[in-house]
Amino acid sequence: MDPKFEIQLRAQEQDLQEQNFFNLDINDQQKIKEGMVKVIASAYIRFKMAFRACCWKGYSDNDIYIQQNLQKGIAEHQNKVKRIKKKVQNFFQSEMSIEPHQFVVQILKNRDQVYSGGIFQHVNSYVQINESIKDEKTKYLYRDVENIGLKKSDQVNHQESQQAKQLKENQKKILQSISSTYITKYTELLLKCIIKDIQYYYGYNFRVLKIFQIEFAKNSDFRIPHIWWSAFQDRYRMLIEFKRNEHEKKKKFKLNVFKNNYFLCPICIQYNCMIHKSCNDIHYLKNDNWTPLFDKNIPKHQLHIDKIKDFLTMYNGTNYAHKFMCKDHEFCFRNQLNKNKQDLISVQQHKFNCLNKRWINMLLYFADCFTFQNPCFLTIIINMSTSNDDLKFQCKDIYQYLKSVRPQYYSLERIQNEINAFIQSREKEYLKLLSKDSENILDDKYIQKHFYHIPDQKQEILNQLKELSEMLKCNYTPCFHTGVCDGENGCRCYRNRDLIEKMQKRIDKLKHIQKKEKKHTKKVLELSFDNNSIDSNEEDDDEESSDLQYMTYQEIISKFLHECERFCGCPNYCRSKNKKLGCNCLNDMTCQTDKNCQCRSKLRECDPEVCRCFCNRNARTIQKFGLNIDYCTNSQALYNCKPRVLLGKSLVCEGLGLFAGQDFKKNQYIGCYIGEIINEKQGTERQEVQQPQGISYLFMLNKETDVDSFRYGNKMRYVNHNCGSMANCKVDVIYNRGINIVRFSAKEDIQKGQEIYFDYNRNYQIEWMKYFNEYYDKFEQEEKKQQVQKKIISKFIKN
Ligand SMILES: C[S@@+](CC[C@H](N)C(=O)[O-])C[C@H]1O[C@@H](n2cnc3c(N)ncnc32)[C@H](O)[C@@H]1O
């Protein structure tokens with residue numbers, strides 16, 4: 001059950017309890033309530049599903065899945081009603097002598113099987129059965145129901161005693177209270193929930209409600225009650241008021257943001273002007289601070305808490321960790337205990353203050369895991385966190401600390417008893433352990449080896465390289481300073497050079513590590529094989545760089561510094577690399593796949609002045625003479641191609657959406673996302689401004705840069721979000737003419753008229769859409785399976 005809904009129901013139940021209106025047992029009351037909760041909850045969920053399906057149906061009429069789902073739902077509903085009617089009939093016939101209020105209670109006991117509409121449904125069936133019942137008592141019951149006004153029926157004459165009259169009145173009250181409180185209140189609640197849901201997912205869309213009614217009316221006698229419509233209207237009115245308030249709030253918000261006056265256009269004196277370039281918040285680019293990339297303070301060692309826990313549990317049988325005593329017997333807390341039973345030296349508070357919070361938590365964690373935990377043992381582990389001798393602990397410090405925080409485990413008496421009992425019983429064993437195992441096993445090396453995780457240096461460097469290469473991918477930004485590009489000006493040109501140097505250092509380090517590794521493996525080989533086999537391996541040693549898993553320095557430059565390719569002014573790296581740029585596709589005439597086309601795989605567009613592929617050599621002549629030959633599929637942005645796309649009312653949200661105006665094949669170019677290139681700070685500020693307006697046109701290019709098409713843009717800014725298999729378009733950030741561009745291309749074949757969607761990102765999730773798409777995918781898979789089966793069967797029959 002929806003948790004929100006459950007909470008609401010509970011609140012409603014409390015209201016009912018306060019009224020104390022029932023003459024029934026508390027148990028019965030409880031059962032009725034539980035029953036009603038179940039009924040309404042199940043009805044609510046069913047309505048919710050059907051409603052969603054209807055909404056989709058409203059948008060796309062050809063959707064077979066929705067139709068089938070809906071028909072299934074309606075058929076199920078009808079069957080349920082039939083089954084319940086039968087059950088009630090049987091029940092009533094077998095237990096004729098029952099009192100009316102008990103009758104209702106009995107039915108409600110079997111709530112699980114009861115269809116929504118609950119009591120109405122049963123009372124109706126009760127009335128319908130009446131004709132087949134001749135017993136006077138049951139007619140009498142029947143008349144009570146009549147009196148509530150649920151249905152008029154034939155007159156029944158019989159004499160009534162005073163007692164019967166009173167009983168009748170009581171029963172009447174009970175039934176009335178049932179109908180007025182449970183039925184109306186819960187149905188109202190149900191309606192409220194559904195309406196709330198509609199509002200949440202679809203806004204106040206009367207059209208959707210109408211479709212819902214039509215669909216349901218086709219196969220059943222269900223009608224949306226008047227109350228729904230009026231409630232809907234009420235809500236609509238409320239929404240308008242709410243919107244008005246929001247609007248006023250926004251005005252105030254805008255005034256607040258006026259402090260960022262670079263959003264104010266000095267020409268038209270409008271905030272966030274869409275026309276003039278003058279309100280550019282470009283000053284940020286000048287003051288862009290250069291922050292260090294790596295945090296040196298991150299601890300390199302990590303403790304395997306699980307391993308220690310295993311160790312402790314493993315030795316719990318022999319009380320090994322329990323018995324362990326520090327080498328410094330004089331200062332050991334046990335010794336001190338024997339000498340002086342009162343509290344020991346005060347806790348060295350400053351040490352604990354210096355200690356990382358993580359370590360203190362760990363200490364407490366162990367203490368809680370094993371109730372009494374040996375402070376000597378814990379001291380060794382804790383001391384691993386620091387190399388500074390002044391900050392190292394003695395076990396008495398740890399004992400004092402733990403005692404102050406967890407007094408229940410470290411009472412003086414308890415420890416004393418434990419130690420005494422232990423020494424008395426197995427003194428010899430204990431001494432042996434102290435002399436042998438404890439020194440051998442629990443020394444620093446042992447702990448370092450078994451309990452610490454020292455991260456793989458190679459992996460760390462590779463991660464750093466990845467991060468650096470991502471930064472290198474950042475878009476080119478022009479300098480605003482005068483004079484030379486150096487560190488003081490903090491411009492991108494200088495930063496890139498700096499990054500490359502950092503990468504170079506790391507690559508050198510990697511090479512060094514790999515050399516070391518090779519030497520080590522060689523030594524191992526020497527031990528296991530004879531000299532001849534080692535000689536044969538020596539030849540491979542020279543080729544070490546060829547089997548490096550990471551990219552070489554040159555590869556990094558050629559992959560990530562495309563911005564320098566033809567337009568570059570820097571002297572060091574670009575010149576030599578220029579020759580290697582571009583593809584030379586001979587097999588793939590149109591540069592269509594990543595495998596064949598080097599440019600595609602490197603996420604760059606083909607450039608006819610650099611590439612030596614067939615299609616690019618002939619592109620100009622093909623274009624000039626309008627020849628009916630496909631030319632390069634990887635340079636449409638360069639040629640400024642404009643495939644046909646249309647704007648229309650979106651199928652998934654209130655605003656506009658982009659629709660295919662022609663058929664698109666898989667991987668075909670759709671368009672480029674155009675907008676202002678801004679940095680991260682600007683991006684977050686603009687997001688703050690755009691969000692209250694309900695729409696955002698920001699596209700995150702990378703960690704540092706965004707593209708905003710709010711003020712400048714093209715049709716591609718209308719592409720809406722959808723997830724899973726419904727996202728039919730993919731987005732690549734590619735290099736084109738020395739800069740990054742955002743290319744939209746078809747993820748699958750798109751037919752003319754379909755809306756184009758792409759998956760915004762993980763953070764942008766619309767829940768109902770996700771679930772619907774999951775259902776849809778499952779359905780599609782099943783359908784495909786069925787089709788395959790059909791084909792196989794038809795083939796089989798033919799043969
Ligand atoms: C780039 S715009 C898309 C065009 C927008 N629909 C319009 O009419 O201008 C992105 C905005 O569209 C809306 N949007 C996009 N996909 C949506 C979806 N699946 N459901 C609801 N709103 C969506 C969000 O408000 C989002 O901030």
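Note: hydrogens, waters and symmetry copies are ignored here, and every other heavy atom, side chains too, is used. Start at 1 and go down the list; that is how both ligands and their atoms are numbered.
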For this session: Apply side-chain contact (heavy atoms from CB on, under 4.5 Å) to the pair Asn722 and Asp759, showing each step before the final yes or no.
Result: CA-CA 5 Å; Asn722 213 326; Asp759 203 340; over 6 Å; no

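Taking a 4.0 Å cut-off on heavy atoms, Tyr760 registers as neighbouring ligand 1. Taking a 4.0 Å cut-off on heavy atoms, Gly657 fails to register as neighbouring ligand 1.
Checking Gln668 against Thr633 by side-chain atom types alone, no donor-acceptor pair falls below 3.5 Å. Checking Ser745 against Asn667 by side-chain atom types alone, no donor-acceptor pair falls below 3.5 Å.
Looking at heavy atoms from C-beta onward, Phe659 lies out of side-chain contact with Ile756 at the 4.5 angstrom threshold. Counting heavy atoms from C-beta on, the side chains of Ile674 and Tyr712 never come closer than 4.5 Å.
In terms of polar-atom proximity, Val719 is not counted as a contact of ligand 1, lacking any N or O under 3.5 Å from an N or O of the ligand. Checked against a 3.5 angstrom limit, the closest N/O atoms of Asn720 and ligand 1 fall inside it. For ligand 1, one of its N or O atoms has an N or O atom of Ser696 under 3.5 Å away. Between Tyr697 and ligand 1, at least one N/O pair is under 3.5 Å apart. An N or O contact shorter than 3.5 Å links His721 to ligand 1 by distance.
Judged purely by atom type and a 3.5 angstrom limit, Asn634 has no side-chain atom pairing as donor or acceptor with the backbone of Cys599.
Taking every non-hydrogen atom of Arg717 and a distance limit under 4.0 Å, the qualifying atoms of ligand 1 come out as 1 (C), 2 (S), 3 (C), 4 (C).
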